[in-house]
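Below is one structure; the comments refer to it alone.
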Amino acid sequence: MKAITLLIVTLFFINAALAQETVERSHKINAHITEKLTVLKSDKSTRQGLYQMIYDKTYALANGRFENDKKVGIWRFYAPDGHLLQNYDYTKKEFLYEAPEDTTSNLRYFVDKQLTDSDRTTKPLKIGGRYFGYLPYLKLFRLPANLMDISREASIAVVELLVSPGGRLAYFKVTIYSGNFSKTFNMNVNVLPEEDKVFVPATVNGEPIGCRIVSRCFIDDDGTLIF
């Protein structure tokens, strides 16, 4: 009887392991960034296991794990030069670490309030940190065909996000500047996944407040945006 029970248990675990068999997938986000992950062999739309995003085949931008297509456990997010920007625990839904930000940061924050030296402020926080967390917005934009011939060296793009006091992405726009020419594109935030619409809002003296996040970007040869 014990032998039969042991056989049944063994077969159960073998079947469970086979059911969770995974295969590796890799694809380029842009000329610099590659995404590596594992998916279920039986359902390649379901992410399962290790995940990495790598910059120029050298530095990790993000690493963590998926279980049944959901991020779980502690994920670590990095800058392109390899230094740690953020640790976030998806299971506990809490920030464990956020790197200090100084004037070398690519992001700038603006609130609709005249601030004084005595005001206590906190910036908006995005899960994924100040690089990986903002890639979904850059990926959403591509230069229109009629502007593909503009000089990349003489052009910049300014990305602007408005985060509401409730921590929701209210709008997202991209303005292209090239010489005396400029054009603004209002992006459709509704096409973004829910997680990309959620922030921890900025505060002034402990009270949530709307905040604009502005970042200067460059236009790559394929018309996509890069920090």
Side-chain angles (χ1 to χ4, degrees), residues 29-30 33 53 61-62 71 75 77-80 85-88 90 93-95 97-144 147 150 155-178 180-220 223-227:
I29 301 298
N30 58 38
I33 299 173
M53 185 175 279
L61 294 175
K71 298 183 180 79
W75 281 55
F77 303 101
Y78 303 86
L85 291 178
Q86 186 186 93
N87 290 338
Y88 184 80
Y90 278 92
K93 301 186 186 306
E94 66 179 5
F95 291 91
Y97 173 75
E98 179 76 14
E101 190 169 7
D102 57 27
T103 55
T104 64
S105 170
N106 195 44
L107 303 178
R108 297 291 181 268
Y109 309 95
F110 303 90
V111 296
D112 292 328
K113 182 182 186 300
Q114 188 67 40
L115 298 176
T116 68
D117 292 340
S118 63
D119 284 324
R120 296 173 290 105
T121 63
T122 63
K123 66 183 181 182
L125 288 182
K126 181 73 179 73
I127 297 174
R130 301 190 300 269
Y131 194 94
F132 179 89
Y134 288 84
L135 288 179
Y137 314 120
L138 304 194
K139 288 165 56 179
L140 197 61
F141 179 85
R142 185 176 292 270
L143 200 66
L147 295 179
I150 64 173
S155 304
I156 63 166
V158 175
V159 174
E160 182 178 328
L161 311 173
L162 175 63
V163 179
S164 75
R168 301 288 298 180
L169 180 62
Y171 75 67
F172 162 32
K173 64 183 181 181
V174 178
T175 302
I176 303 297
Y177 297 94
S178 183
N180 294 323
F181 169 84
S182 67
K183 184 174 178 60
T184 297
F185 300 86
N186 293 305
M187 310 302 293
N188 181 9
V189 300
N190 293 323
V191 304
L192 291 164
E194 180 64 20
E195 66 178 337
D196 293 326
K197 303 175 188 176
V198 178
F199 290 72
V200 174
T203 66
V204 175
N205 300 321
E207 294 296 324
I209 190 171
C211 182
R212 290 185 300 119
I213 306 171
V214 177
S215 176
R216 173 175 166 167
C217 301
F218 300 98
I219 307 169
D220 213 349
T224 57
L225 301 182
I226 54 176
F227 282 129

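Heavy atoms of other residues, nucleotides or ligands lying less than 6.0 angstrom from CZ of Arg216 number 12 at most. The environment of Lys183 atom NZ is sparse: at most 12 non-hydrogen atoms of other residues, nucleotides or ligands sit within 6.0 angstrom.
Here Lys113 contributes atom NZ and Leu115 contributes atom CG; the two are 6.0 Å apart, rounded to the nearest 0.5 Å. To the nearest 0.5 angstrom, Ile219 atom CD1 is 7.0 Å from Ser178 atom OG.
Scanning both residues, Val174 and Met187, for their nearest heavy atoms gives CG2-CG, 4.2 Å. Taking each heavy atom of Ser215 and Phe227 in turn, the nearest pair found is OG-CE2, 3.2 Å. Across every non-hydrogen atom of Pro124 and Phe199, the tightest pair is CB-CD2, 4.4 Å. Heavy-atom minimum distance, Ala202 versus Cys211: CB-CB, 3.8 Å. Here the shortest heavy-atom pairing between Met53 and Ile29 reads CE-CG1, 4.0 Å.
In the model, Asp102 has a side-chain atom that pairs as donor or acceptor with a side-chain atom of Thr104 under 3.5 Å.
The main-chain N or O of Gln86 is never found under 3.5 Å from a side-chain atom of Glu98 such that the two would form a donor-acceptor pair. A distance-only check finds no donor-acceptor pair linking the side chain of Arg168 to the backbone of Pro165 [under 3.5 Å]. Remark: side-chain polar atoms of Arg130 are not paired, donor with acceptor, to backbone N or O of Ala79 under 3.5 angstrom. Put simply, the side chain of Asn30 gets close to the backbone of Ile33: a donor and an acceptor are under 3.5 Å apart. Under the 3.5 Å distance criterion, the side-chain polar atoms of Thr122 are matched with a main-chain donor or acceptor of Thr203. Under the 3.5 Å distance criterion, the side-chain polar atoms of Arg212 are left unmatched by any main-chain donor or acceptor of Val163. For the pair Asn205 (side chain) and Arg120 (backbone), a donor-acceptor distance under 3.5 Å is present.
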Take Ile127 and Phe95 through the side-chain contact (heavy atoms from CB on, under 4.5 Å) test and state the conclusion after the steps. CA-CA 8 Å; Ile127 297 174; Phe95 291 91; 3.7 Å; yes

Worked verdict on Val158 versus Ile176 for side-chain contact (heavy atoms from CB on, under 4.5 Å): CA-CA 7 Å; Val158 175; Ile176 303 297; over 6 Å; no

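Checking each of Asp112, Thr121, Val111 against Ile209 for a side-chain contact (heavy atoms from CB on, under 4.5 Å) leaves exactly one that passes, namely Val111.
Aromatic rings of Tyr131 and Tyr78 (six-membered ring for Trp) have centroids beyond the 6.0 Å cut-off, not under it. Aromatic rings of Tyr90 and Tyr88 (six-membered ring for Trp) have centroids within the 6.0 Å cut-off, being under it.
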